[in-house]
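Let me begin by presenting the structure, written as structure tokens, before commenting on it.
For reference, positions follow the sequence shown, starting with 1.
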Amino acid sequence: MRAFVLESAAPVENNPLLLTELPRPMPLENELLVRIIACAICRTDLHIVEGELPMRRSPVTPGHQIVGKVAAVGSHVSGFTIGQRVGVAWLHHTCGECRYCCVGRENLCEQAEFTGWTVDGGFAEYAVASADFVYSIPGNFEDSQAAPLLCAGIIGYRCLRLTGIDAWAGSRLGIYGFGAAGHVVIQIARARGAEVYVCTRDRERHQKLAAELGATWVGDATSEPPVKLDASIIFAPAGELVPVALKALDKGGVVVLGGIHMSPIPSFEYSLIYGERAIRSVANNTRQDGRELLAEAATIPLHTHIETFAFEEVNEALKALKNDAIRGAAVLMVGS
């Protein structure tokens with residue numbers, strides 16, 4: 001099979017992902033072999049390629065928002081058929097035995113494996129996946145439309161959960177950074193009845209898309225919304241936005257940090273967090289997050305805005321992502 005591999009981290013301008021021929025992997029007894037049709041590109045992929053996340057496997061094939069069809073089934077796997085469409089996400093496998101897994105917090109598993117980071121991922125024609133961790137894709141989503149839901153959607157959904165908002169009707173949610181996750185989250189929040197205030201630096205693409213998707217107010221990344229917010233989610237990997245978001249928060253509100261990597265957070269006055277304001281990070285996801293997100297997305301129904309790239313253009317897609325040149329989500333089209 002053809003696959004892109006990363007041998008050592010480097011700036012994407014250096015085209016660090018190399019196209020090569022690899023043996024087609026064989027699934028173990030509890031795995032599926034998936035023939036990949038589409039793989040959305042995530043900022044986490046960019047962090048891995050450029051070394052902001054340490055390499056956990058070398059060489060490695062990144063990519064963790066996979067939509068494809070089952071090509072082979074492990075001997076101990078039931079409930080899947082050859083040709084069935086499935087989704088593969090960031091969380092590849094958990095131990096099921098640690099103190100986190102035993103209390104329903106498998107996203108914090110101490111021995112977790114991750115697609116495209118600790119195991120090979122979706123920038124390839126085939127990938128193996130743990131059968132217990134793949135998803136059924138609702139029929140009303142095309143392959144390319146479904147792919148961004150498998151990380152941008154799932155992580156965005158978990159961020160919404162951690163805002164602590166229970167009564168969504170009339171609530172005020174802020175979003176800082178409006179890429180793939182932001183454009184999914186605004187649709188879910190608005191469907192629940194929230195007002196959404198978007199702060200993002202890109203006016204031509206991101207601010208325009210936010211307005212099209214029904215944002216109550218749109219401003220620059222460091223602009224202060226016209227009202228105090230009940231909660232905010234920061235998707236941009238910019239630590240300097242944390243004090244900005246706290247300043248815009250109402251008493252008792254929560255700032256949720258939605259990324260796996262962020263630049264240093266500057267010091268700030270205690271007054272910004274006083275009033276029982278809180279900062280929370282999101283780490284990975286549970287399978288329940290994924291199942292609930294896909295079900296709610298299908299009900300809305302949610303529409304992902306995508307820009308597609310040919311398989312051979314993965315380095316170019318990462319460059320576009322780095323420069324905020326993607327309107328919505330980037331999707332690598334691998335097969336058919």
Side-chain angles (χ1 to χ4, degrees), residues 31-42 44 63-71 73 77-92 106-107 115-116 121-122 126-161 168 179-194 196 209 212-214 258 282 284-308 327-336:
E31 294 180 331
L32 302 172
L33 177 66
V34 178
R35 178 173 60 82
I36 299 170
I37 299 172
C39 184
I41 300 175
C42 177
T44 299
H64 58 273
Q65 300 181 92
I66 299 168
V67 174
K69 293 183 178 180
V70 176
V73 179
V77 174
S78 60
F80 293 93
T81 57
I82 301 298
Q84 180 179 346
R85 189 170 72 146
V86 294
V88 181
W90 172 246
L91 193 64
H92 174 81
E106 65 181 5
N107 60 304
T115 310
Y126 290 85
V128 291
S130 179
D132 289 339
F133 287 78
V134 302
Y135 297 95
S136 297
I137 303 297
N140 54 340
F141 291 112
E142 296 179 3
D143 301 323
S144 58
Q145 296 284 330
L149 297 176
L150 292 164
C151 184
I154 293 174
I155 291 299
Y157 191 86
R158 186 164 185 86
C159 287
L160 287 172
R161 184 192 303 279
W168 281 93
H183 99 284
V184 169
V185 163
I186 190 175
Q187 295 181 64
I188 299 173
R190 289 198 67 244
R192 294 177 178 181
V196 181
L209 180 58
E212 290 175 6
L213 293 174
V282 165
N284 313 314
N285 65 277
T286 67
R287 283 170 283 179
Q288 188 63 24
D289 293 326
R291 289 189 285 264
E292 290 181 9
L293 172 275
L294 290 170
E296 189 167 347
T299 301
I300 292 173
L302 192 148
H303 176 71
T304 53
H305 294 252
I306 61 170
E307 182 175 344
T308 60
R327 189 177 187 269
V331 179
L332 197 67
M333 301 307 298
V334 181
S336 59

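Pairs engaging residues 297-308 under the salt bridge (Lys or Arg N to Asp or Glu O under 4.0 Å) rule: none recorded [sequence neighbours left out].
No side-chain heavy atom of Val282 sits under 4.5 Å from any side-chain heavy atom of Arg161. Counting heavy atoms from C-beta on, the side chains of Ile37 and Arg85 never come closer than 4.5 Å. In this structure, the side chains of Arg287 and Phe133 come closer than 4.5 Å at one or more pairs of heavy atoms. Counting heavy atoms from C-beta outward, Val134 and Val70 have side chains that stay 4.5 Å or more apart. Considering only heavy atoms from C-beta on, Arg158 stays 4.5 Å or farther from Glu292 through its side chain. No side-chain heavy atom of His64 sits less than 4.5 Å from a side-chain heavy atom of Leu150.
Leu293 CG to Asn285 CG: the interatomic distance, rounded to the nearest 0.5 Å, is 9.5 Å. For the atom pair Arg35 CZ and Ser336 OG, the distance stands at 6.5 Å (nearest 0.5 Å). Remark: Thr304 OG1 to Gln187 CD distance equals 8.0 Å, nearest 0.5 Å. Atom CD of residue Gln65 and atom OG1 of residue Thr115 lie 10.5 Å apart, to the nearest 0.5 angstrom. A distance of 7.5 Å separates CG of Leu149 from CD1 of Ile137, quoted to the nearest 0.5 Å. If you take CG on Leu209 and CZ on Arg327, they are separated by 4.5 Å, rounding to the nearest 0.5 Å.
Side chains of Glu106 and Thr286: a donor-acceptor N/O pair is absent below 3.5 angstrom, by distance only.
Looking at every heavy atom in both residues, Ile154 comes nearest to Ala89 through CD1-CB, 4.1 Å. When all heavy atoms are compared, the tightest approach of Val184 to Gly153 is CG1-CA, 3.9 Å. Taking all atoms of both residues into account, the shortest heavy-atom contact from Ser136 to Gln84 is OG-NE2, 4.3 Å. For the pair Cys39 and Ala147, the tightest heavy-atom approach, listed with the atom from each and the gap, is C-CB, 4.5 Å. Smallest separation of non-hydrogen atoms from His305 and His183: N-NE2, 2.8 Å. Here the shortest heavy-atom pairing between Gly121 and Ile36 reads O-CD1, 4.3 Å.
Qualifying side-chain hydrogen bond (donor to acceptor under 3.5 Å, both in side chains) partners for Glu296, counting only residues two or more places apart in sequence or in other chains: Tyr157, Arg192.
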* **Worked check of side-chain contact (heavy atoms from CB on, under 4.5 Å) between Arg190 and Leu213** => CA-CA 9 Å; Arg190 289 198 67 244; Leu213 293 174; 5.9 Å; no

